[in-house]
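When a ligand or atom number is given, it counts from 1 through the structure's own listing order.
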Amino acid sequence: MPIIERSALRERLNTLPRLSLATLPTPLQNLDRFSDFIEGPSLYMKREDLTGMAMGGNKIREFEYQIAQAVERGCDVLVHSAGAQSNQSRVTAAVAAKLGLQAIIVGRRDAHAQRQGNLLLTQLFGAEVYLPAIEDQAKAVAAKMDALRAAGHKPFHTSTDARAYRAIAYVDGALELLEQIEAQNLRPDALYLCSGAYTHVGLVLAFKALGIALRVVGISPSPRDDSAAAASHVALAQECAQILDLDLDFAPQDFESYAAFVGADYGVVTEGSREAIHLLARREGLLLDPSYTGKAMAGLLAHVRAGWWQKGQTLIFVHTGGTPALFAYADELGLD
Ligand SMILES: *Cc1c(COP(=O)(O)O)cnc(C)c1O
């Protein structure tokens, strides 16, 4: 049962501050040569890698709502801390440049800290970049935040501050996708995506609020306990529902996600992700990335091969971006 109409949900989103960063709508495309190859369901792709700014990805859409909160709060420095090839670091740096804010990135000297891909672009966008040893990273970012505050700055940490607004952005994304599904006369059986938290939670929240029974299958890019992840998604969804003034109750079963396709670790290429990257490149002329979408597509492929989905069914894969990282993974992509 819907608890709100689409137009009313759109109106609630419209009351929130929002920046204009992304080129929308992103396309919803049929992958017929890839679908032929898997001899199973017909596969469509929602191209969130094509959000435009700074080589795109889901963070551009998320930042329209989240960084609007930083602007509302009068913050003057955007801070982010993650792996050396972080997409979010690239987008933090680019959006800070566009808004005339300072960007400080505390990365880490991990296995992909060469000046390539996202790290190269983060520096090009003018961020101040630090790459401490992995074990010093948490201390380094905390010290940086303290030093900024002591110097009279108002830093905004893009991983933690106003984080629920990133999921809110995908309530918007869900409305966009639903229109495209209808315009193309599709009857999707499930949506697949790489699931950190925000895209997944925003989509599920929107479908639940609108009474749309569309299964959302998340594939985790990092090692985690699937039921602990579901529990934390429930808390995030509840927070978003409150922001949108929606009377919704979430349960762990609302959040289906699998950490089984991560392999050795976050950011480490697996046989499955390598196969997925090659297949999409060679059958569709389309790029996936090694850390997120490659693994999510490997999960989808594994589920098709295990008989979860058959001919006559339709799946939509949400491409969340990340392709600049490919350039830092030249040696791991299996090209000899
Ligand atoms: C950050 C990221 C994700 C996870 O995003 P959420 O914000 O947690 O939804 C997935 N894919 C790519 C390419 C990313 O950069």
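When atom types are taken as modelled, the side chain of Q102 and the backbone of D76 share no donor-acceptor pair closer than 3.5 angstrom. Counting only distance, with no hydrogens or angles, the side chain of R224 and the backbone of A259 share no donor-acceptor pair below 3.5 Å.
Between H157 and H80, the angle of the ring planes goes over 60°, which puts this pair in the perpendicular group of the 30/60° scheme. Ring geometry for H319 against F317 counts as perpendicular: the plane angle is over 60°, on a 0 to 90° scale with 30° as the lower cut.
Looking at R12 and I4, their side chains come closer than 4.5 Å, going by heavy atoms from C-beta outward.
Between Y266 and Y292, the distance separating the two ring centers is shorter than 6.0 angstrom.
A distance limit of 4.0 angstrom between heavy atoms and ligand 1 selects the residues N58, K59, E62, N87, R166, C194, G196, A197, Y198, T199, Y292, T320, G321, G322.
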